[in-house]
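Structure first, then comments.
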Amino acid sequence: MRFSKMHLPTLKEVPAEAEVVSHRLMLRAGMIRRLAAGIYSYLPFGLMALRNVEGIVRHEMNRAGAQEVLLPAVQPAELWQESERWDFYGKELLRFKDRHQRNFCFGPTHEEVITDLIRHEIRSYRQLPLNLYQVQTKFRDEIRPRFGLMRGREFIMKDGYSFDVDDAASTLSYQNMREAYTRIFTRCGLNFRAVEADSGAIGGNFSHEFVVLADSGEDAIASCTKCDYAANVEKAQSRFVGDETTSSAVSTDSPEAVATPNCESIDDVAAFFKVDPAAIIKSMIFESDLGFCMVVVPGDREVNELKVKAALGANWLEVPPPARIADELDLPVGYLGPIGVEIPVLVDRQVPYMGEMICGANRHGYHLRGACWGRDFKSDRVVDLVQVHAGEFCPRCDGSLQIDRGIEVGHIFKLGTKYSEKLKATFLDQDGKEKAMVMGCYGIGVGRTVAAAIEQNHDENGITFPYAIAPFKVALLNLDLKSEDVTLFCEKLYQEFLNRGISVLYDDRNERPGVKFKDADLLGMPVRVTLGRKGFKRGIIEVKLRQADAEVQEFPLDNLEPLWSLFTELQANDSRITLK
RNA sequence: CGGGAUGUGGCUCAGCUUGGUAGAGCACUGCGUUCGGGACGCAGGGGUCGGAGGUUCAAAUCCUCUCAUCCCGACCA
């Protein structure tokens with residue numbers, strides 16, 4: 001492509017709307033433009049990067065035995081009512097009516113549609129397993145879209161679904177996809193980890209997230225420094241070592257009420273008593289489909305709501321507003337404690353080892369000092385309820401955990417029979433018995449993958465695209481358009497790149513050299529080939545790799561074989577995938 | 001939905017406190033000079049100051065409402 005003919009509006013200044021690096025660079029490099037919050041147009045340069053990621057995804061999915069389909073984006077409400085997600089999915093589901101006042105939604109995901117398709121097509125175990133995928137625009141009316149393509153409302157997603165005869169076969173499909181995903185993100189040139197995750201609204205019982213490590217990521221992941229254990233902090237466990245030494249030191253017979261005016265937070269209370277927050281217990285009220293409950297954790301820890309939800313066996317969980325707690329339970333938020341409450345109390349496993357502790361008195365303006373586990377309050381539900389901290393012990397080995405930030409670019413789930421039972425996607429097995437298919441689902445955020453790649457591959461001058469997803473592999477810079485010799489040679493070189501199938505951006509604009517260098521850096525083409533009058537006189541072209549910030553190499557004009565072998569090498573590295 | 005902030009030529013922003021001729025840089029058009037890391041000169045085009053209402057002789061500026069966008073918390077590829 002000739003730069004002079006391409007719609008590639010690079011920006012010198014950073015648009016005010018962009019905060020994170022990838023968003024800024026994607027705007028500056030003329031890849032995307034915002035239409036509305038979380039809704040973006042893809043410009044040619046950006047679309048090329050997306051298509052490259054899609055290409056890798058398709059190649060690896062097909063190699064893994066999946067087949068591409070394309071399902072409708074607009075879906076009838078009936079299907080969602082059948083799966084009972086019409087109500088469950090909430091406001092993220094964009095709903096609308098057609099001219100006959102029938103309810104529809106714009107698909108945020110396609111379990112219903114694919115299951116509906118399959119239930120009409122598959123009758124026999126002989127037709128299984130089956131793995132279908134698509135690459136398509138999704139819409140989720142996110143509460144807070146942000147960071148450009150990182151969390152858009154409209155976004156391009158690869159979603160795939162597997163159908164198997166039983167759980168064992170489904171596990172094979174899952175592992176097959178896990179390997180395919182590993183190849184995909186490796187080929188995209190990303191530094192990522194596959195981590196254990198919560199399965200969220202999609203449901204099911206087993207899932208992994210593929211997380212690209214980046215400080216700007218929205219997710220926190222805990223991983224072991226020694227073994228390969230890695231999990232989203234939402235899900236992460238740590239091995240508990242109770243410290244018995246503190247549990248016996250009891251100096252009083254019963255807790256003592258102390259007036260603590262205006263001490264409604266742990267920090268206030270810690271300052272008031274001049275103790276460490278770890279000596280205070282944090283008591284919180286949660287409401288779920290099973291009613292109210294109190295959750296008690298050490299004052300220096302954060303409650304992990306997913307663990308609470310799991311411990312309760314609840315379908316949903318939320319923190320009720322203080323007014324509701326006051327009205328319905330007659331408890332003062334800010335002065336809550338586990339002693340004497342009538343609702344179920346869940347206690348974090350560390351609490352019994354805290355010895356004498358301070359807790360709320362359930363009376364406005366008062367706390368209790370010298371409260372003891374066992375003597376003053378008890379619960380038969382003592383479990384792990386807090387978020388892991390860095391430095392805690394790995395649940396699998398004797399290593400410790402570290403916390404990193406990351407961007408979730410892929411997520412794979414074992415769904416079980418959740419959808420196939422609801423939608424009656426059944427088949428006859430070898431015994432002639434009717435069974436529900438066992439499903440899995442597998443997503444990749446295509447735009448987010450591009451954003452994550454930029455997040456991980458940039459420097460102060462711009463993007464440093466990994467070779468595989470770079471829209472152009474090479475930037476060819478003609479520094480002296482007016483020099484016939486130089487231009488003639490550049491034109492020849494340009495044609496040669498095209499002949500060899502190496503995608504090239506030929507900067508033939510009537511611009512000063514500085515502009516061309518700046519744009520080449522910003523746009524991040526992996527290889528930069530420069531020819532100017534000076535070089536031509538000396539009989540050389542200059543070649544520089546963008547990513548390594550390498551030295552400029554000089555190749556003779558009359559022998560470009562070293563240049564071509566450089567590309568052969570880059571191409572080979574790109575597609576060399578480690579297979580088990 | 002809470003909390004914080006911002007809306008002024010295509011982009012980045014000043015002007016607002018203390019009401020009185022809408023400004024700068026970049027970008028754009030023309031001409032000339034430049035030409036190896038975002039050049040310079042001259043001459044141009046382009047703005048209902050997010051929108052509505054109000055106060056006032058007079059509103060970008062003060063007041064009310066509204067819309068949009070961004071950032072911090074619950075959702076997720």
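Worth knowing before you read on, the calculation uses all heavy atoms, side chains too, and leaves out hydrogens, waters and symmetry mates. Residue numbering restarts at 1 for every chain, and letters A, B, ... go by the order of the sequence lines.
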Answer with base, sugar-phosphate or nothing: what part of the nucleic acid does [X] contact at a heavy-atom distance below 4.0 Å?
X	value
A:E154	nothing
A:G447	nothing
A:D521	base
A:R34	sugar-phosphate
A:G532	base
A:F147	sugar-phosphate
A:R153	nothing
A:R28	base
A:E17	sugar-phosphate

Could you tell me the separation between the [atom1] atom of [X] and the [atom2] atom of [N], rounded to a whole number of Å?
X	N	atom1	atom2	answer
A:E542	B:rG36	CD	P	13 Å
A:D519	B:rA27	CG	P	12 Å
A:F210	B:rC76	CZ	P	19 Å
A:K518	B:rC26	NZ	P	17 Å
A:I412	B:rA77	CD1	P	12 Å

*Residues forming a salt bridge (Lys or Arg N to Asp or Glu O under 4.0 Å) with A:D219, sequence neighbours excluded*: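 With sequence neighbours excluded, A:D219 shows a salt bridge (Lys or Arg N to Asp or Glu O under 4.0 Å) to no residue whatsoever.
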
*For the base of B:rG36, is there a side-chain donor-acceptor partner from A:R538 under 3.5 Å away?*
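Checked by distance alone, the answer is no.
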
*asked:* Taking CG in A:N262 as the centre, count heavy atoms belonging to other residues, nucleotides or ligands within less than 6.0 Å. Is the count above 12?
replied: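 Check fails, neighbour count at 12 or below.
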
[N]: pairing nucleotide in any strand, Watson-Crick or G-U under 3.5 angstrom:
N	answer
B:rA68	B:rU6
B:rG73	B:rC1
B:rA14	none

_Results of side chain to side chain contact (heavy atoms under 4.5 Å, CB included) for A:E92 - residues two or more places apart only_ =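 Side chain to side chain contact (heavy atoms under 4.5 Å, CB included) list for A:E92, sorted by chain: A:Y89, A:I143.
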
*Sequence neighbours left out, what passes side chain to side chain contact (heavy atoms under 4.5 Å, CB included) with A:K307? Give chain and number order.*
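Residues passing side chain to side chain contact (heavy atoms under 4.5 Å, CB included) with A:K307: A:Q237, A:N304, A:D384, A:V388.
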
*Which comes earlier along RNA chain B counting from the 5' end, the contact point of A:A36 or that of A:G445, where each point is its nearest nucleotide?*
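Per heavy-atom nearest nucleotide, the more 5' residue is A:A36.
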
*5'-most contact on RNA chain B: A:A18 or A:E408, nearest heavy atom basis?*
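So the residue in question is A:A18.
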
What N/O pairs connect the protein and nucleotides 6-11 of chain B at under 3.5 Å? Give each pair on its own line.
residue: B:rC11; atom: O2; partner: A:E13; partner atom: OE1; Å: 3.4

For [X], give me all partners under ring pair (Phe, Tyr, Trp, His ring centres under 6.0 Å), at least two apart in sequence or on another chain.
X	answer
A:F497	A:W564, A:F567
A:F192	A:F185
A:H110	none
A:Y174	A:F206, A:H208

_Within the 3.5 Å criterion, strictly below it, is a donor on A:S265 or A:D268 matched to an acceptor on the partner's side chain?_
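Yes, because at least one side-chain N or O of A:S265 sits under 3.5 Å from a partner of the opposite role on A:D268.
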
*Taking atom types as modelled, is there a side-chain donor on A:Q67 or A:N131 under 3.5 Å from an acceptor on the other?*
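Short answer, no.
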
*Using the C1' atom in both, what is the distance from B:rG15 to B:rG23, to the nearest Å?*
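Between the two C1' atoms, the distance is 7 Å.
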
*List for me each residue that meets side chain to side chain donor-acceptor pair (under 3.5 Å) alongside A:N457, sequence neighbours excluded, and say none if there are none.*
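Expected list: A:Q547.
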
*Listed by chain and number, what are the side chain to side chain donor-acceptor pair (under 3.5 Å) partners of A:R512, not counting sequence neighbours?*
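For A:R512 there are no side chain to side chain donor-acceptor pair (under 3.5 Å) partners, ignoring immediate neighbours.
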
Between the protein and nucleotides 39-43 of chain B, list every N/O to N/O distance that falls short of 3.5 Å.
residue: B:rA39; atom: OP2; partner: A:R512; partner atom: NE; Å: 3.3
residue: B:rA39; atom: N9; partner: A:R512; partner atom: NH1; Å: 3.4

*Nearest-nucleotide pick for A:R144, side chain only, options being B:rC71, B:rG36, B:rA77*: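 Looking only at heavy atoms from C-beta outward on A:R144, the closest nucleotide is B:rC71.
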
*Does the ring of A:F155 lie flat against the base of B:rA77, closer than 5.5 Å centre to centre with planes under 30°?*
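So yes, this residue stacks on that base, both cut-offs being met.
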
*In terms of base orientation, is B:rU8 syn or anti, with the syn window spanning 90° either side of 0?*
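Glycosidic conformation of B:rU8: anti.
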
*asked:* Keeping A:S83 on the side-chain end and A:W80 on the backbone end, is there a donor-acceptor pair under 3.5 Å?
replied: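 Between the backbone of A:W80 and the side chain of A:S83 there is a qualifying donor-acceptor contact (under 3.5 Å).
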
*asked:* Does anything in residues 479-493 of chain A come within less than 4.0 Å of RNA chain B? Heavy atoms only, and list the residues if so.
replied: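 Result for residues 479-493 of chain A: A:L479, A:K482, sorted by number.
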
